[in-house]
Protein chains: 2
Amino acid sequence: MRAVKSDTYSIKELACEFGVTPRTLRHYEDQGLLTPERQGQNRIYHANDRVRLAWILRGKRVGFSLQEIGEMLDLYDIGDGRETQRSVTVEKCRSRIRALEEQRDDINATIDELQEFCELIANLVRDNKNDQWIRRDTGEPLRHYPPRN
Amino acid sequence: MRAVKSDTYSIKELACEFGVTPRTLRHYEDQGLLTPERQGQNRIYHANDRVRLAWILRGKRVGFSLQEIGEMLDLYDIGDGRETQRSVTVEKCRSRIRALEEQRDDINATIDELQEFCELIANLVRDNKNDQWIRRDTGEPLRHYPPRN
DNA sequence: CTTGACGTTGACGTAAACGTAAACTACGTA
DNA sequence: TACGTAGTTTACGTTTACGTCAACGTCAAG
């Protein structure tokens with residue numbers, strides 16, 4: 001049994017908590033996204049590693065590559081920040097925000113179309129007379145959308 | 001020069017218009033996402049292919065795999081829709097929508113954090129006395145966020 | 001008739017993000 | 001002390017989404 005726990009995690013504990021494998025955490029370390037403490041050979045993860053991991057995984061969920069995530073995390077590491085670098089950081093950050101906003105627009109558009117289509121099917125009923133689909137509300141015949149040739 | 005144009009596209013025309021390569025369109029066809037008309041060997045793309053391609057590319061932008069996009073497009077191909085299949089389609093569709101909404105939440109959270117961080121840096125200034133960064137507005141010393149060990 | 005632009009089908013290459021297996025170490029316990 | 005559990009490194013395998021040839025067909029222009 002470990003003597004002191006004090007808010008630290010083994011690789012398996014942290015991985016398990018976030019639903020990833022130890023291999024994944026090592027991979028992120030290889031890519032420079034995580035730099036856990038070492039006790040001899042073994043990795044010891046602290047609260048800050050947890051925070052970074054959460055960031056990484058959310059970045060993944062929104063579609064960034066590990067490299068892009070690394071660059072975004074680098075934006076945060078400005079301890080040695082030179083005055084001139086600061087405006088660069090800000091600009092990169094803003095450009096990221098714009099990209100995310102565009103992506104959000106794409107998502108909203110997709111949601112809208114799926115929603116519309118979903119309701120359309122939900123209201124759909126077979127007009128058995130002429131063997132084709134019509135809308136229950138308008139009686140309009142259904143044309144495939146998006147069209148299949 | 002082609003005799004009749006009538007809203008058709010060569011592979012290069014369509015690819016070029018959407019900023020992808022012909023290879024990409026052939027790949028999408030291999031995956032069953034597009035099925036352009038053939039004139040002999042050559043592919044002829046129509047308006048419906050355009051619509052589908054736009055869908056595919058937007059799907060990619062929001063982070064779906066080609067397989068997932070294919071499944072979503074399949075939802076639209078319900079011309080032979082059996083009554084029992086319909087509720088399945090609706091449920092799949094709704095589950096997609098929920099996933100997209102979660103993804104949108106992730107994006108919003110990321111935007112918020114980047115925005116906050118961005119403004120923080122913009123207001124940052126070096127306190128030369130003790131050689132560390134402080135916030136211009138509050139004078140608070142800066143702690144890295146997310147923390148680097 | 002040859003050249004060039006565009007098209008076709010293989011088929012192999014590649015980068016990213018891990019999976020997986022091998023071979024080894026260290027430790028608490030039965 | 002032998003065993004099981006958890007950790008380590010090294011290294012090759014895998015999937016996705018195309019890129020990149022190679023080798024060939026086709027058609028209009030010079």
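FYI, side chains are in, hydrogens and waters are out, and symmetry mates aren't considered; it's all heavy atoms of this structure. Proteins get letters first, then strands, A, B, ... in listed order; numbering begins at 1 in each.
Between A:Glu68 atom CD and C:dA15 atom P the separation is 17 Å, expressed in whole Å. Summarising the geometry, the separation between CG on A:Leu34 and P on C:dA17 is reported as 14 Å, rounded to the nearest angstrom.
By the 6.0 Å contact criterion, CD on B:Glu71 is enclosed, its count of non-hydrogen atoms from other residues, nucleotides or ligands being greater than 12.
The side chain to side chain donor-acceptor pair (under 3.5 Å) search around A:Thr138 returns A:Glu140, not counting sequence neighbours. Annotation: salt bridge (charged side-chain N to carboxylate O under 4.0 Å, His left out) contacts of A:Arg104 (sequence neighbours excluded): none. B:Glu119 meets the side chain to side chain donor-acceptor pair (under 3.5 Å) test with no other residue; sequence neighbours excluded. The salt bridge (charged side-chain N to carboxylate O under 4.0 Å, His left out) test applied to A:Arg61 returns B:Asp106, not counting sequence neighbours. Every residue meeting the side chain to side chain donor-acceptor pair (under 3.5 Å) condition with B:Asp137, not counting sequence neighbours, appears here in chain and number order: B:Arg135. For B:Glu29, the salt bridge (charged side-chain N to carboxylate O under 4.0 Å, His left out) partners two or more places apart in sequence, or in a different chain, are B:Arg38, B:Arg43. For A:Arg50, the salt bridge (charged side-chain N to carboxylate O under 4.0 Å, His left out) partners at least two apart in sequence or on another chain are A:Glu17.
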Practice item. Would you mind building the protein contact string for nucleotides 3-19 of chain D? One character per nucleotide, 5' to 3', B for base within reach (heavy atoms under 4.0 Å), S for sugar-phosphate only, - for untouched. Key: ---SSBB-B-----BBB
Could you go through nucleotides 25-27 of chain C and list every protein N or O atom that sits under 3.5 Å from one of its N or O atoms, giving the distance for each pair?
none

